[in-house]
Amino acid sequence: MFAAHLEFFAAHQCAEAHWLPDTGLDILERIEIGRDFAYPSIKDRLPVILTKIVDVLYRDKCFVRGQFGEAGIEELKDFIGKISRLRSELQTDKPFTLLEEDCPDTEAWNQRIQIPNLVENPIECTDPSPLSVPLTSPTPQASWFTSSWLLAECYCYRKIASISLTSNYLRNLDPFKGQKQLALIESLDAIVSLSSFLLSNINCTLNDSTTSEALFKSLLYTSVWGNKCDLSISSGEANNQLSNVLMQLDLLKSYVLQDDVQKIFDYLVLLKTNNAVVNNNPHISYMPKTDMNRIDFVLDNAGFELFSDLCLAEYFSAIFGVQKIYFHAKIIPWFVSDVTNDDWYWSFEWMKQSGSAELLKLANLWEARIEAGQWIFTTHHFWTLPDTFDLMNSVAPDLYQQLSESTLVIFKGDLNYRKVTGDRKWDPTVCFGKVLNGFHPSSFCCLRTLKSDTLVGVTHEAVQRAKEERADWMISGQFAVVQSILPYP
Ligand SMILES: O=P(O)(O)OC[C@@]1(O)O[C@H](CO)[C@@H](O)[C@@H]1O
Ligand SMILES: [Mn+2]
């Protein structure tokens, strides 16, 4: 295993050597200090996630028999066998296999599998310079421990989806559904506290600038901290928001290593009060919006995180009067806890049935917004490709065009952050605006807790402080960033 370990690292190093700083540490030391998280996350975390799926499927046996009879049970056994095979292929570093089902994303996926490390647009970056060397493919055939981390992880979830998509009775099976629903149910207290807070404060107006600004910040920070609750970081174990997050905001704020919350609020107020003047900001290569017509949430996890995002969205609708809010979610079960179509609708149903008057009120309000076309739930295959976002304009120009209509796109979570920043182990002090490699659809921000070793845009002092606080600061989910690309002032 150790040989595979080194081989895996060598392959990564091969592809990334031009930018990887020579720290003089060997691989084990690097993992210890929280860098090179790729290897343990594939080796340790994914097999646990796959094993958990097998357990869940065994438990679903009665339900499947009741619904589909013996034919359903045969399919369930086949499903379990395929998941076990996937786990064994991972553990023995087998080459990836092509997708066989006829889906809109099959061809794109098979291209990525066949030419795994091809980077069409090498990053051009003037500062620091090491990124100017284009990546080339070191291996024509990807396998679990020789491909890029992003491809290997995304491939795992796409392969799980393949198993459902090629079955008859279990076509719509989401193996993470139970975990996601339980996570929401167990966060009830925190969700009720947040809904009371929202309902008792949402009647303020922008004229009452102190209250409206404080409310915006509280809701935005809550949405950031909601991102702690992902079930992939805990390999599917419960990872819920149990306590009242609002009581902890001051403490939580102190863990935000780069905090653009004030900038974001000021930008939105400028637009709302018609004071935004198109200036010649040389760093902005898109046409900035001068109105507040549209906000986009690129969602991450279901459960408490989704609820916290909806509360922030309510602020945009109620206080800023934003006409359209788009919620982008995943088309297949993804990274255990990401929001799918079913999670979205189930969450509103659960709110109505929860027994809480506040949740009932909010569910009715939000369903009315959906009904009226103010809130729009949407999916796109691009979100479940292994592509970083600099490729969006060429791979999914329709999606890029949609985002360019937005006043502000909010990317939630760690995986979106990795994709925004090209999923490289940047020097954390590199400027956020410099790693985007042409990804400039519109003004945007990232709200993310740190759960992987990709980080940019923080000061040397912030890095030092975090490192002193805990060795695994980059992957623990304790620290966070709020980072933005904005045209004004
Ligand atoms: O995107 P999210 O839900 O915030 O986090 C997803 C995550 O748990 O999965 C990956 C590792 O498996 C990391 O990017 C991150 O830690
Ligand atoms: Mn997620």
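Note: hydrogens, waters and symmetry copies are ignored here, and every other heavy atom, side chains too, is used. Positions are given from 1 along the sequence.
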When rounded to the nearest 0.5 angstrom, what distance separates [atom1] in [X] from [atom2] in [Y]?
X: Ile113; Y: Thr97; atom1: CD1; atom2: OG1; value: 6.5 Å
X: Met351; Y: Leu359; atom1: CE; atom2: CG; value: 5.0 Å
X: Phe96; Y: Ser143; atom1: CZ; atom2: OG; value: 6.5 Å
X: Tyr345; Y: Glu349; atom1: OH; atom2: CD; value: 11.0 Å
X: Cys431; Y: Gln483; atom1: SG; atom2: CD; value: 9.5 Å
X: Ser452; Y: Lys425; atom1: OG; atom2: NZ; value: 11.0 Å

For [Y] together with [X], are the ring centres under 6.0 Å from each other?
X: Phe304; Y: Trp225; value: no
X: Phe297; Y: Phe327; value: yes
X: Phe389; Y: Tyr400; value: no
X: Trp375; Y: Tyr326; value: no
X: Tyr155; Y: Trp144; value: yes
X: Trp366; Y: Phe307; value: yes
X: Phe411; Y: Phe444; value: yes

State whether the side chain of [X] and the backbone N or O of [Y] hold a donor-acceptor pair below 3.5 Å, judged by distance alone.
X: Asp296; Y: Ser406; answer: no
X: Asp453; Y: Phe37; answer: yes
X: Ser442; Y: Leu403; answer: yes
X: Lys43; Y: Gln91; answer: no
X: Thr92; Y: Ser88; answer: yes
X: Arg112; Y: Ala108; answer: yes
X: Asp260; Y: Ser484; answer: yes
X: Asp414; Y: Lys451; answer: yes
X: Thr146; Y: Ala142; answer: no
X: Asp343; Y: Thr340; answer: yes

Sequence-distant partners of Ser164, side chain to side chain donor-acceptor pair (under 3.5 Å), two or more places apart:
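Counting only residues at least two positions away or on another chain, Ser164 forms no side chain to side chain donor-acceptor pair (under 3.5 Å).
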Contacts of Glu70 that satisfy side chain to side chain donor-acceptor pair (under 3.5 Å) - sequence neighbours left out:
Arg65
Salt bridge or not between [X] and [Y]? Use side-chain N to carboxylate O under 4.0 Å.
X: Glu101; Y: Arg158; answer: yes
X: Asp174; Y: Lys180; answer: yes
X: Lys330; Y: Asp338; answer: yes
X: Lys352; Y: Glu367; answer: yes

Nearest heavy-atom neighbours spanning Ser223 and Ser308
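That closest heavy-atom pairing would be CA-OG, 3.4 Å.
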Which heavy atom of Leu299 sits nearest a heavy atom of Asn416, and at what distance?
O-ND2, 3.7 Å
Check whether any side-chain heavy atom of [X] sits under 4.5 Å from a side-chain heavy atom of [Y], and report yes or no.
X: Phe335; Y: Glu153; value: yes
X: Leu165; Y: Cys103; value: yes
X: Leu455; Y: Val481; value: yes
X: Leu57; Y: Val54; value: no
X: Leu415; Y: Trp334; value: yes
X: Ile370; Y: Phe377; value: no
X: Leu86; Y: Ile160; value: yes
X: Trp383; Y: Met392; value: yes

Test of understanding: with side-chain contact (heavy atoms from CB on, under 4.5 Å), list the residues that count as partners of [X], not counting sequence neighbours.
X: His381; answer: Pro104, Asp105, Ile331
X: Tyr169; answer: Phe68, Ala71, Glu75
X: Ser193; answer: Asn244
X: Asp102; answer: none

Test salt bridge (Lys or Arg N to Asp or Glu O under 4.0 Å) on Lys324 and Glu405 and set out the steps.
CA-CA 11 Å; Lys324 301 258 176 219; Glu405 303 293 320; over 6 Å; no
If the condition is salt bridge (charged side-chain N to carboxylate O under 4.0 Å, His left out), which residues does [X] pass it with, not counting sequence neighbours?
X: Glu469; value: none
X: Glu74; value: Lys77
X: Lys412; value: Glu305, Asp309
X: Asp78; value: Lys82

With under 30° as parallel and over 60° as perpendicular, where do the rings of Trp346 and Trp350 fit, or are they tilted in between?
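Plane angle under 30°, so parallel.
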side-chain hydrogen bond (donor to acceptor under 3.5 Å, both in side chains) for Thr454 and Arg424? Distances and angles first, verdict last.
CA-CA 6 Å; Thr454 298; Arg424 289 152 190 260; over 6 Å; no
Does Trp109 have any ring-ring contact (aromatic ring centres under 6.0 Å, His included) partners at least two apart in sequence or in another chain, and if so, which?
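Result, ring-ring contact (aromatic ring centres under 6.0 Å, His included) vs Trp109: none returned.
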Report the residues that fulfil ring-ring contact (aromatic ring centres under 6.0 Å, His included) with Phe432, sequence neighbours left out, ordered by chain and then residue number.
none
Quick one: do the Tyr286 and Ser443 side chains pair a donor with an acceptor below 3.5 Å?
yes
Check: Asn227/Asp300 side-chain N/O donor and acceptor closer than 3.5 Å:
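The criterion, which ignores hydrogens and geometry beyond distance, is satisfied for Asp300 and Asn227.
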Full working for side chain to side chain contact (heavy atoms under 4.5 Å, CB included) between Arg294 and Ile325
CA-CA 6 Å; Arg294 170 173 175 158; Ile325 303 187; over 6 Å; no
